[in-house]
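Throughout, protein chains are lettered first and strands after them, A, B, ... in sequence-line order, and every chain is numbered starting at 1. Since the structure is predicted, the reported quantities are computational estimates derived from the model, not experimental observations.
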There are 2 protein chains.
Amino acid sequence: MREELRQDEYELLARLAQRYYVDERTQEELAAEFALSRPKVQRLLERARRSGVVAIHIQAPPWLRLELESQLRETFGLSDAIVCSAGADQEAEREAVAQRAARYLERHLHDGCVVAVSHGRTVGAVPRFFRPPSRLDVTFVSAMGGSPGVAAPTNPNEICRALAAGCGGEAVSLYAPAYVESGEIRDQLLAQEAISQSLDRAAQATVALVGIGGTDDGCTMVRSGCLTTDEIAWLRSQGAVGDVLGNYVDIEGRPVASPHQDRLVALTVDHLRRIGTVVAVVSEPEKPRAILGMLRAGVISVLVVDEDNARAVLDLAAGGPAMAGRAGGGSSASQREV
Amino acid sequence: MREELRQDEYELLARLAQRYYVDERTQEELAAEFALSRPKVQRLLERARRSGVVAIHIQAPPWLRLELESQLRETFGLSDAIVCSAGADQEAEREAVAQRAARYLERHLHDGCVVAVSHGRTVGAVPRFFRPPSRLDVTFVSAMGGSPGVAAPTNPNEICRALAAGCGGEAVSLYAPAYVESGEIRDQLLAQEAISQSLDRAAQATVALVGIGGTDDGCTMVRSGCLTTDEIAWLRSQGAVGDVLGNYVDIEGRPVASPHQDRLVALTVDHLRRIGTVVAVVSEPEKPRAILGMLRAGVISVLVVDEDNARAVLDLAAGGPAMAGRAGGGSSASQREV
DNA sequence: TGCGCAAGTGAGCATTTGCTCACCAGGTGA
DNA sequence: TCACCTGGTGAGCAAATGCTCACTTGCGCA
């Protein structure tokens, strides 16, 4: 809300702002020159900023989407958001998102970190770009079991191995399927020390790297054989919009309980809540609802996402329809406004 | 000098700037998030400002000339400069300059101040606008004698009286002519206690309000009868470009000695140098050389001037020809650049 | 006219930012 | 390979700005 200014006030704000920002005078100096108190000058300068008399523009590289990122951070309380500008095709967008996620990890991981890793095509693309400048003593742990129904680079164990290879770290595999026939079988598996140890290790991780799945018939949970198309249809009918590690939530971020849950060998949403930094990567199209649901669940700290999904999520969150079209590149100069 | 940035550096600067200026994060927070030291973040942000990645614009009222003012202050080491946007005619410009000067005085004078006042048409217009919100116990003293050859509102005594009337202060008149026939007569006048006391009072002033005169045949010193047209022509031939209180300087601000000097009843340039704040007001056209000379003399602290003269002075100071034409209004949004 | 409330104000302290300085790292030339 | 120079760096202190709080001022209402 821009506040209205009386003319003489407008003029005073402009003069003070000019002296402060352009002439680089201190508030104390301006206070003396304008016969005001220093706190008064501070307040007037703040007013100048709030009212738009002072406009701060960031002239960013055109491929950045800093405004979108700021909006995501602010709207969802994320500690970071990284939006990748639109790529040539689906594969290019996946690579861009994976590259950004790899860069994020390179910058934030340090010796001793433990990273829990989920399945997913975009997550699976991250190791391709993960090359820290120096060796990192980091442990990568599978956060869910494996699925023979999808390609190896999509499986957590393979992703962990590739990430560890990229930095000279260590991979801890979870030698179990992502999904079993019954809860009893799952309990028997978890009773095996090697498996429960791995999962405990993942649960104690400092960072998690996860994908966000949708609820369409072609989602990873269906492709990997964890769920049937009937089961995913049922989850949809219960309001489920997306999942992380097989944990489904509705559009408001509330968990959608389902009978398949106790057959999963994976970290739960409550586990994720206790991990310091949960990095979610998404590049497939038509996932704004899934992203929004997971963001509202409040377990994600960092979102690395393609531009279309980012815009659509913000639109959805603001109560509008998801924008399907491209919003056009243009400059990303941002403006300080309220 | 804009510095060149490597692409990854450019991107980092932009990201940091966005987080700092738009998201309003502290340098400490950013240091943690980007795995940098806090001083490093400070340096990068400064770099972002210097390089233009961060651009700060002041959206000023269109009638202000903040950029011009900043340039004047910086070029001439003024403690303040106030430029009045072009008026409808000569009279309107004089009123605008006088009004700004009155405003300046209202804000800067306080009880106990002593203001030494010169002659001049623009100076004479100031009392018309001088209306402080509350009574000011200020003394206004004539800094030079009077001249029957010019209208009463141009004479220092009358100006002092009017200013004092405007704020409930006191006027101290100098009952002497501005100019006498010989140095002996001047010495006799100064031997009179009332006159020397008044001049001493003026010399001890905290503020001076003066006009800047030119060296054309129609200048105030000629019109008032202080100088003949021959004398002013001679001063021109000696390089004189302008005066304050009858003290002439050349284009570099060096005093131009002349025989008429010891016949003046007025403060000298050395007196002015000892006054804390010397406010000069100019509104007549074609005075850039006079203004430049006086500014270079270094006795002026505050310049209140019309827009055309302001531009012309800066142009002259930069070594270019004085611009005679109007530069066109437009927005005065300023930009932080190096 | 008096009272109550909201907004404004400056003193003073807390926090953030700017800057100095000793040290380190990298590059260059002998 | 070594010495020297330049630029970068973080520790730590100085300076500037942000913010809390007690008090004041101005406005609206009875």
- Spacing of B:L36 atom CG relative to D:dG8 atom C1', expressed in whole Å: 13 Å

- Query: Any side-chain heavy-atom pair from A:L109 and A:P132 closer than 4.5 angstrom?
  - Reply: no

- Query: Quick one: side-chain hydrogen bond (donor to acceptor under 3.5 Å, both in side chains) partners of B:D8, sequence neighbours excluded?
  - Reply: B:R6

- Query: Can you find a heavy atom in the side chain of B:P61 that is under 4.5 Å from one in the side chain of A:Q7?
  - Reply: no

- Query: Taking side chain as C-beta onward, heavy atoms only, is A:L12 less than 4.5 Å from A:F34?
  - Reply: yes

- Query: What's the closest nucleotide to the A:Q42 side chain, out of D:dG8, D:dT17, C:dG18?
  - Reply: D:dT17

- Message: Quick check against the 3.5 Å criterion: does A:Q18 have a side-chain atom that pairs as donor or acceptor with the backbone of A:D23?
- Response: no

- Task: Find the distance B:E46:CD to D:dG8:C1' and express it as a whole number of Å.
- Result: 14 Å

- Rounded to whole angstroms, how far apart are CZ on B:R47 and C1' on D:dG7? 11 Å

- Any B:D111 side-chain heavy atom under 4.5 Å of B:L136 side chain: yes

- Task: To the nearest Å, give me how far apart CZ (A:F34) and P (C:dG10) are.
- Result: 16 Å

- Atom CD of A:E24 to atom C1' of D:dA16: distance rounded to whole Å? 14 Å

- Sequence-aligned protein contact record of nucleotides 11-16 of chain C, with B where the base is within under 4.0 Å of a protein heavy atom and S where only the sugar-phosphate is: -B---S

Listing time: all N or O pairs from protein to nucleotides 22-27 of chain D that are below 3.5 Å?
none

- Take atom CD of A:E74 as the centre, draw a 6.0 Å sphere, and report whether it contains more than 12 heavy atoms from other residues, nucleotides or ligands. no

- Rounded to the Å, how far apart are A:R25 CZ and C:dG18 C1'? 18 Å

- Message: Could you check whether B:Y21 and B:R49, counting side-chain N and O atoms only, form a donor-acceptor pair closer than 3.5 Å?
- Response: yes

- Item | Sub-4.5 Å side-chain heavy-atom contact between B:V54 and B:Y20 | no

- Item | Protein-nucleotide distance (B:L45, atom CG; C:dG18, atom P), rounded to Å | 8 Å

